[in-house]
Amino acid sequence: MEHKYVVITGSLMSGLGKGIVTSSILKLMKLYGVKSLPVKFDGYLNYDCGTMNPFRHGEVFVLEDKGEVDMDFGNYERFLNENVSSDLSITGGKLFSEIIGRERRGEYLGRDVQIIPHITDYLKERIKGIAESKKLDVLLVEVGGTVGDIENSYFIEAMRQLSLTEKVVFVNLTYIPELESVGEQKTKPTQMALRTLMQLGIQPKFIICRSQRPLESSTREKLALFSNLKPENIIDDSEIRNIYELPLKLMSQDFDRMLLKELGFEGRKIDKAQLNEWKKFVEFLGDGVRKKAKIAVVGKYVKLKDSYASVKEALTHAAYANSAEIELDWIESEDLEGKSPEQINGMLGKYNGILVPGGFGKRGIEGMINAIRFARENSKAYLGLCLGMQLMAIEYARNASSLKDANSSEFNPRAKHKIIDLMEDQRSIKLKGGTMRLGAWPVSIRKGSMAYYAYGSTKASERHRHRYEFNNRYSDALSKNGLVISGYSPDKRIVEIIEWNNRLGVGTQAHPELKSRPENPAPLFKYFIKTAVEINDRSKKA
Ligand code: GLN
């Protein structure tokens with residue numbers, strides 16, 4: 001079987017949305033029935049993202065198979081509406097440990113091991129192997145970082161070499177600045193960047209341009225001239241209202257048909273039903289809709305929005321599923337510490353729903369507990385994700401069950417009531433990388449519970465990433481005081497879902513946001529938004 005490749009690089013700076021471009025191309029391929037998957041190359045020497053701070057690197061995305069990967073994988077899965085596997089994530093760390101492993105096993109005996117040919121040959125072999133084993137028509141390769149970086153240079157070189165024997169289409173994403181005083185789109189930075197790319201032996205077939213305003217025809221022409229392309233191959237990526245609009249924006253410029261032609265798939269017909277479904281979602285997001293809910297996310301990494309990328313997207317999908325619009329605020333949990341109930345009311349009173357997402361370490365914990373208490377005592381909707389579920393249990397123990405010194409051993413190893421404690425099989429673990437409870441785990445759900453209502457089933461599976469868990473020794477005491485334990489691992493050892501008995505608040509040990517997609521919103525998020533909308537409606541009637 002012949003496989004084709006699309007390699008996506010980025011120029012000038014990071015943060016232009018290369019992941020969204022890659023995801024959009026994936027979506028287009030899927031719409032035309034061209035079997036595609038993405039590979040992401042990240043130049044850093046970490047083996048995976050599991051040991052990185054979300055403040056530095058954004059959200060750590062977890063796959064079904066336990067892989068802790070770059071947040072771009074979240075967008076790949078959301079656009080594709082499919083689960084992908086962690087062998088698609090190639091980091092500098094994985095790459096070099098593989099090469100050094102080979103060297104130690106004597107596979108290069110007698111040779112000095114070099115970037116060219118050993119690293120580049122290995123990369124070509126890996127990329128071709130993925131396309132072959134997954135029987136792909138097209139493998140998309142997103143090269144992390146910026147063209148000209150040292151970190152990704154050998155990867156770009158490997159892709160150049162790949163193009164000598166295989167069909168490879170290069171797509172470059174760039175930025176077109178505009179000086180306010182001149183009011184003119186400036187192509188010079190991109191001209192320079194293209195020179196760098198071409199020096200590396202890469203001739204892009206398409207140049208996708210981020211800019212503040214739509215591309216002017218003179219900008220297109222100038223860039224076409226400098227890049228040996230036709231003006232129609234210079235693609236406008238400006239003014240999208242939301243990330244999900246990009247596939248449609250690319251289609252409106254015939255990018256889909258030009259790319260399919262380039263790859264030899266020009267005969268493919270588009271799946272109209274799937275396209276309409278996507279369009280409906282994109283149009284909904286741009287609309288002023290009737291029903292509303294005000295949501296506060298109270299977390300410890302809110303200063304960098306990327307830390308909670310999947311939470312934000314899952315809320316969007318859930319809003320769509322409820323035909324509702326949400327007003328979303330991000331609140332730094334430390335700001336809720338040392339405050340009087342009146343002050344907390346002033347900060348949180350206007351919200352219909354409060355969400356506490358995942359997190360690690362002590363900072364900001366008491367602020368989150370204050371927010372949860374406020375939500376419980378004031379009949380707000382509540383959704384707790386992983387840490388948010390653990391703190392929901394601690395808050396309940398302290399304030400609704402008189403176990404005053406309740407805590408997690410993560411925050412206070414000497415607490416009298418360790419409502420949350422290190423998981424049994426974590427006790428002997430010393431290594432930090434890839435050793436949490438990771439990936440997809442099944443959960444058994446109690447009939448009649450909120451979770452049951454949300455999932456419509458007694459069985460579900462969600463992704464996890466944690467070391468601590470609900471301490472089962474407190475199950476009876478907390479249940480007697482009204483906490484509902486509605487989800488367990490099938491062997492009953494791990495408490496997975498807890499609820500307030502007012503049917504407004506639920507917490508899960510999992511990260512359901514990781515599996516939420518426009519075409520498949522996460523059930524607990526859907527339930528949360530539904531509850532928040534109802535609360536908002538009631539408050540308006542009152
Ligand atoms: N820090 C907690 C634990 O390790 C929660 C983790 C999370 O929210 N992902 O169990």
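Just so it is clear, the values below take in all heavy atoms, side chains as well, and ignore hydrogens, waters and symmetry mates. Computed from a prediction, not measured in an experiment: that's the story for all the values here. Numbers for residues simply follow the sequence, beginning at 1. One-based numbering, in listed order, for ligands and for the atoms of each.
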Glu513 and Arg78 ion-paired at < 4.0 Å: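 No, Glu513 and Arg78 are not salt-bridged.
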Residues which pass ring-ring contact (aromatic ring centres under 6.0 Å, His included) with Tyr122, listed by chain and number, not counting sequence neighbours: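 Tyr122: no ring-ring contact (aromatic ring centres under 6.0 Å, His included) contacts found.
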Could you list each nitrogen or oxygen of ligand 1 that sits under 3.5 Å from a protein nitrogen or oxygen, with the atom names and the distance?
unit_1: ligand 1; atom_1: 1 (N); unit_2: Gly359; atom_2: O; d: 3.0
unit_1: ligand 1; atom_1: 1 (N); unit_2: Glu410; atom_2: OE1; d: 2.7
unit_1: ligand 1; atom_1: 1 (N); unit_2: Glu410; atom_2: OE2; d: 3.2
unit_1: ligand 1; atom_1: 4 (O); unit_2: Arg467; atom_2: N; d: 3.0
unit_1: ligand 1; atom_1: 8 (O); unit_2: Gly359; atom_2: N; d: 2.9
unit_1: ligand 1; atom_1: 8 (O); unit_2: Leu387; atom_2: N; d: 3.1
unit_1: ligand 1; atom_1: 9 (N); unit_2: Arg465; atom_2: O; d: 2.8
unit_1: ligand 1; atom_1: 9 (N); unit_2: His511; atom_2: NE2; d: 2.9
unit_1: ligand 1; atom_1: 10 (O); unit_2: Gln390; atom_2: NE2; d: 3.0
unit_1: ligand 1; atom_1: 10 (O); unit_2: Arg467; atom_2: N; d: 3.2
unit_1: ligand 1; atom_1: 10 (O); unit_2: Tyr468; atom_2: N; d: 2.8

Only pairs under 3.5 Å count here: list side-chain donor-acceptor contacts from residues 350-362, not counting sequence neighbours, and write none if there are none.
unit_1: Tyr351; atom_1: OH; unit_2: Asp329; atom_2: OD2; d: 2.5
unit_1: Asn352; atom_1: OD1; unit_2: Lys294; atom_2: N; d: 2.7

Centroid-centroid under 6.0 Å between Trp278 and Phe79 rings: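 Aromatic pair counts; centres sit under 6.0 Å.
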Sole residue of Lys94, Lys66, Lys134 in salt bridge (charged side-chain N to carboxylate O under 4.0 Å, His left out) with Asp87: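 Exactly one option meets the salt bridge (charged side-chain N to carboxylate O under 4.0 Å, His left out) with Asp87, and it is Lys134.
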side-chain contact (heavy atoms from CB on, under 4.5 Å) partners for Lys40, two or more places apart: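 Lys40: side-chain contact (heavy atoms from CB on, under 4.5 Å) contacts with Asp42, Asp70, Asp72, Phe73, Tyr76, Glu142.
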